[in-house]
Amino acid sequence: MKTKKLTLLSLLTAIALTIFMVEAQIPALVPIPGIKLGLANVVTLVALYRLKGRYAFAIVIPRCILGAMFGGGITGLLFSLTGGLLALVTMLLSRKVKLFSVYGVSVLGAAAHNIGQIFVAMFLMNSVYVAGYLPYLLGVSVFTGMATG
């Protein structure tokens, strides 16, 4: 990897991590637990549309790991990494479909992130009943995905 590209990826990762950490300090905008705007996804979208998909992975993975190290612990890492990777794969695939604008790609990414997090919660809590929370998260993901898109 060339120095210029590595520097750009490092800066984008630092920006995404900073946004992630600042957003974690903001009280929830809605009274539903676990709901955030996901503003760090803006950096992922920029990388996805301006760089290659592999570079977006090179931003998401370190951001999730560092975010967990700075404030989420191992459980936070599981939620963040699973949601982030599922969202990124979904956005990569949906971006190839001409039907979706950046807003559609972002909404699908937000929905995929929530689905990933529900799977982790089901695994950690050893209960399928956690999935009952998914419709609320998916409903909110339309708004959060549009906002970040």
Side-chain angles (χ1 to χ4, degrees), residues 1-30 32-97 100-126 130-131 133-134 136-138 140-149:
M1 186 179 305
K2 296 187 180 195
T3 305
K4 184 176 180 181
K5 189 72 74 174
L6 181 60
T7 303
L8 176 61
L9 291 175
S10 298
L11 287 171
L12 289 173
T13 302
I15 292 167
L17 181 60
T18 302
I19 293 170
F20 174 81
M21 296 304 292
V22 168
E23 186 178 21
Q25 302 306 311
I26 299 172
L29 298 174
V30 291
I32 302 173
I35 302 295
K36 295 189 330 179
L37 273 176
L39 294 174
N41 193 46
V42 171
V43 177
T44 305
L45 284 168
V46 168
L48 191 62
Y49 278 85
R50 297 288 182 205
L51 306 169
K52 294 180 182 174
R54 64 183 171 164
Y55 296 121
F57 277 103
I59 293 168
V60 169
I61 293 171
R63 183 204 62 184
C64 292
I65 293 170
L66 292 169
M69 287 175 62
F70 292 139
I74 192 70
T75 305
L77 176 63
L78 289 173
F79 280 102
S80 184
L81 203 53
T82 303
L85 289 175
L86 188 57
L88 182 55
V89 168
T90 301
M91 290 189 297
L92 278 167
L93 294 173
S94 62
R95 185 175 183 276
K96 295 180 181 190
V97 178
F100 298 116
S101 69
V102 67
Y103 298 105
V105 170
S106 182
V107 167
L108 290 172
H113 193 278
N114 288 328
I115 291 168
Q117 289 187 323
I118 287 294
F119 279 130
V120 170
M122 287 170 47
F123 173 76
L124 291 175
M125 298 177 79
N126 198 25
V130 177
Y133 194 46
L134 186 59
Y136 299 106
L137 292 176
L138 293 178
V140 172
S141 69
V142 172
F143 299 105
T144 60
M146 289 294 285
T148 58

Report yes if some heavy atom in the side chain of [X] is under 4.5 Å from a heavy atom in the side chain of [Y]; otherwise report no.
X	Y	value
Leu85	Ile61	yes
Leu8	Leu51	yes
Phe79	Leu124	yes

Please round to the nearest 0.5 Å and tell me the distance separating atom [atom1] of [X] and atom [atom2] of [Y].
X	Y	atom1	atom2	value
Gln117	Leu134	CD	CG	10.5 Å
Leu12	Ile59	CG	CD1	4.5 Å
Thr13	Leu6	OG1	CG	9.5 Å
Phe70	Thr18	CZ	OG1	9.5 Å
Leu86	Asn114	CG	CG	10.0 Å
Ile118	Leu138	CD1	CG	8.5 Å

Tell me, with the steps shown, if Arg63 and Thr44 meet side-chain contact (heavy atoms from CB on, under 4.5 Å).
CA-CA 10 Å; Arg63 183 204 62 184; Thr44 305; 4.1 Å; yes
Over all heavy atoms of both residues, which pair between [X] and [Y] is shortest? Give the atoms and the distance, please.
X	Y	answer
Thr148	Val42	O-CG2, 3.5 Å
Ala121	Val130	CB-CG1, 3.5 Å
Gly76	Ala68	C-CB, 4.4 Å
Ala56	Leu48	CB-N, 4.3 Å
Gly109	Thr90	N-CG2, 4.5 Å
Leu39	Glu23	N-OE1, 3.1 Å

Output, in order, the C-alpha distance, side-chain angles, deciding distance and verdict of side-chain contact (heavy atoms from CB on, under 4.5 Å) for Phe123 and Leu78.
CA-CA 10 Å; Phe123 173 76; Leu78 289 173; 5.7 Å; no
Please report the C-alpha distance between Asn41 and His113 in whole Å, then the side-chain angles of each, then the deciding distance to 0.1 Å, and finally whether the side-chain contact (heavy atoms from CB on, under 4.5 Å) criterion is met.
CA-CA 10 Å; Asn41 193 46; His113 193 278; over 6 Å; no
Output yes when a side-chain donor or acceptor of Ser106 lies under 3.5 Å from a complementary backbone atom of Tyr103, and no otherwise.
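Checking the backbone N and O of Tyr103 against the side chain of Ser106, no donor-acceptor pair under 3.5 Å is found.
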Pair Arg50-Tyr55, side-chain contact (heavy atoms from CB on, under 4.5 Å): steps then yes or no:
CA-CA 10 Å; Arg50 297 288 182 205; Tyr55 296 121; over 6 Å; no
How would you list, by chain and number, every residue that makes a side-chain contact (heavy atoms from CB on, under 4.5 Å) with Val142, sequence neighbours excluded?
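For Val142 the side-chain contact (heavy atoms from CB on, under 4.5 Å) partners, ignoring immediate neighbours, are Val107.
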List for me each residue that meets side-chain contact (heavy atoms from CB on, under 4.5 Å) alongside Thr7, sequence neighbours excluded, and say none if there are none.
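Once residues adjacent in sequence are excluded, the partners of Thr7 under the side-chain contact (heavy atoms from CB on, under 4.5 Å) criterion are Thr3, Leu11.
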